[in-house]
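Values below: every heavy atom of this structure, side chains too, minus hydrogens, waters and symmetry copies. Below, chains carry the letters A, B, ... as their sequence lines are ordered, and counting in each starts from 1.
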There are 2 protein chains.
Amino acid sequence: MGTTTAERPSGFDAFTAMCPSRRLLDTIGDKWVSLAIVALGIRGPLRYSELASQIEGVSQKMLTQSLRKMERDGLLIRTVTPSVPVRTDYELTPLGLTLLPVIAHLKEWAEEHMADVDAARTAYDARA
Amino acid sequence: MGTTTAERPSGFDAFTAMCPSRRLLDTIGDKWVSLAIVALGIRGPLRYSELASQIEGVSQKMLTQSLRKMERDGLLIRTVTPSVPVRTDYELTPLGLTLLPVIAHLKEWAEEHMADVDAARTAYDARA
DNA sequence: CTGAATCCCCACGGATACTG
DNA sequence: CAGTATCCGTGGGGATTCAG
């Protein structure tokens, strides 16, 4: 399928592995990435240690890894101040800022419908 | 619904592990779940084999697993027709349908900004 | 303080074989 | 046709240690 026929009524082409939507989900589907975006979006520029303390439960390894990925994707700017000790600030780029409404939209759906999901789960588990 | 009453200035409380937004991302962050939602949203009810052929690259194990999860979450209805051979149809629930605009919103951002991400990546990798 | 490097576990997910 | 069961490799991700 997919490879030959070009009849996609609604304009969704997400079935091809490398479509943009797929890659976006790969990015914000990352737990720490989305949390970092929200944190930086709310509080503005933050130091590494500030991010670490705000995003509870994140390991140093994963936080650094996520921040590097975001920097590479142009979502944030990393500024190193070569003082002693070193100070590193992270700040969302204009591009990174445009993700806030997207995440807000997700949040909106979640707050509106997640109770239904919970109810469905309870009912489902009760049947089983 | 947040965990407690509003304590986060901008209304984001995603830092608590079990917040609704987090759980939504856990759901649609699943590659096959989102693809199945899109497929069912476009084509309407589909049989198992139809889903399998439309969502290219999915293994039978993962497809079944994802569909079960979605059924449990009340996102789709699974109808088994005990004929020979068996026939199983999957159809989005009204709740599942409400996810389509959300995914569409993701798609919109992706198509609008993913080129910037690619450019940023190229620049970043070139510097390294 | 910020981060790189290492060890290590185990959950995710593919391949295969079997069943109603 | 639509699964379930099993094996198994790979990689995500936590804990720890070292470095600038």
Side-chain angles (χ1 to χ4, degrees), chain A residues 1 15 17-18 22-23 25-36 39-40 43 45-73 75-91 124-125 127-128, chain B residues 15 17-18 22-23 25-36 39-40 43 45-73 76-91 124-125 127-128:
Chain A
M1 216 12 173
F15 301 97
M18 278 330 183
R22 179 74 253 124
R23 294 173 49 213
L25 277 177
D26 287 342
T27 297
I28 68 174
D30 183 318
K31 182 178 182 174
W32 309 121
V33 165
S34 49
L35 289 183
L40 291 171
R43 325 283 267 235
L46 291 176
R47 301 185 53 174
Y48 179 88
S49 52
E50 293 172 326
L51 273 171
S53 63
Q54 293 227 353
I55 305 177
E56 199 165 357
V58 67
S59 68
Q60 168 271 336
K61 175 184 175 180
M62 291 317 297
L63 181 56
T64 299
Q65 190 176 101
S66 298
L67 290 171
R68 282 292 182 285
K69 183 161 65 175
M70 294 166 70
E71 185 192 10
R72 186 170 105 97
D73 287 353
L75 300 181
L76 55 76
I77 298 287
R78 175 167 168 268
T79 309
V80 179
T81 305
S83 54
V84 179
V86 181
R87 172 198 178 98
T88 309
D89 286 87
Y90 293 91
E91 179 178 10
Y124 185 91
D125 293 344
R127 273 201 311 277
Chain B
F15 301 97
M18 278 329 185
R22 179 74 253 125
R23 294 173 50 214
L25 277 177
D26 287 341
T27 297
I28 68 173
D30 182 316
K31 182 176 182 175
W32 310 121
V33 165
S34 49
L35 289 183
L40 291 171
R43 324 283 267 236
L46 291 175
R47 302 185 52 175
Y48 179 88
S49 52
E50 292 172 328
L51 273 171
S53 64
Q54 293 225 355
I55 305 177
E56 199 165 357
V58 67
S59 68
Q60 148 271 15
K61 175 184 175 181
M62 291 316 297
L63 181 56
T64 298
Q65 189 176 103
S66 298
L67 290 172
R68 282 292 183 285
K69 183 162 64 174
M70 295 166 70
E71 185 192 9
R72 185 170 106 99
D73 287 353
L76 56 76
I77 297 287
R78 177 167 166 268
T79 309
V80 179
T81 305
S83 53
V84 180
V86 182
R87 171 196 179 100
T88 308
D89 287 87
Y90 293 90
E91 179 179 11
Y124 185 92
D125 294 344
R127 274 203 308 279

Atom-pair distance (CD on Glu56(B); C1' on dG14(C)), nearest Å:
16 Å
Would you tell me if any nitrogen or oxygen in the side chain of Arg68(B) comes within less than 4.0 Å of OP1 or OP2 on dT4(D)?
yes
Which atom pair, heavy atoms only, marks the closest approach of Leu51(A) to Ala39(A)?
CD2-CB, 4.1 Å
Between dA11(C) atom P and Lys31(A) atom NZ, what is the distance in whole Å?
15 Å
State plainly whether the residues Arg87(B) and Asp89(B) are in salt-bridge range, i.e. N to O under 4.0 Å.
yes
Check whether any side-chain nitrogen or oxygen of Arg78(A) sits under 4.0 Å from OP1 or OP2 of dG3(C), and answer yes or no.
yes
Any donor-acceptor pair under 3.5 Å from Ser34(B) side chain to Lys31(B) backbone
yes
Rounded to the nearest 0.5 angstrom, the CD-CG distance for Gln54(B) and Leu40(B) is 8.5 Å
Judged by each residue's nearest nucleotide on DNA chain D, which is more toward the 5′ side, Thr64(B) or Pro85(B)?
Pro85(B)
Minimum heavy-atom distance Val86(B)-Arg47(B), with the two atoms named:
O-NH2, 4.1 Å
Protein-nucleotide distance (Leu63(B), atom CG; dG3(D), atom P), rounded to Å:
9 Å
By a strict heavy-atom criterion of less than 4.0 Å, which residues belonging to residues 45-52 of chain B are in contact with DNA chain C?
none
Where do Tyr48(B) and Gln60(B) come nearest, in terms of heavy atoms and distance?
OH-O, 3.3 Å
Of the listed nucleotides (dG3(C), dT2(C), dA2(D)), which one gets closest to any side-chain atom of Val86(A)?
dT2(C)
OG of Ser59(B) to CD of Gln65(B), rounded to nearest 0.5 Å, is 8.5 Å
If the cut-off is 4.0 Å, is Thr88(B) near the phosphate of dG3(D), judged by side-chain N/O to OP1 or OP2?
yes
If you compare every side-chain N and O of Tyr90(B) against the phosphate oxygens of dC1(D) (OP1, OP2), does one of them come in below 4.0 Å?
no
Roughly, in whole Å, what's the span from CG in Asp89(B) to C1' in dC1(D)?
12 Å
Between Tyr90(A) and Thr79(A), is any side-chain donor less than 3.5 angstrom from a side-chain acceptor?
no
Rounded to the Å, how far apart are Glu71(A) CD and dG3(C) C1'?
13 Å
Hey, are Arg22(B) and Asp26(B) close enough for a salt bridge, meaning a charged N less than 4.0 Å from a carboxylate O?
yes
Out of curiosity, Ser66(A) OG to Leu76(A) CG, how far, rounded to the nearest 0.5 Å?
10.0 Å
If you fit an axis to the five pairs at each end of the helix from dC1(C)-dG20(D) to dG20(C)-dC1(D), how big is the angle between those two axes, to 10 degrees?
40°
Using a 4.0 Å heavy-atom cut-off, write out nucleotides 5-13 of chain D from 5' to 3' as B (base contacted by protein), S (sugar-phosphate only) or - (no contact).
--------B
Quick check: closest heavy atoms across Leu25(A) and Ile28(B), and the distance to 0.1 Å?
CD1-O, 3.6 Å
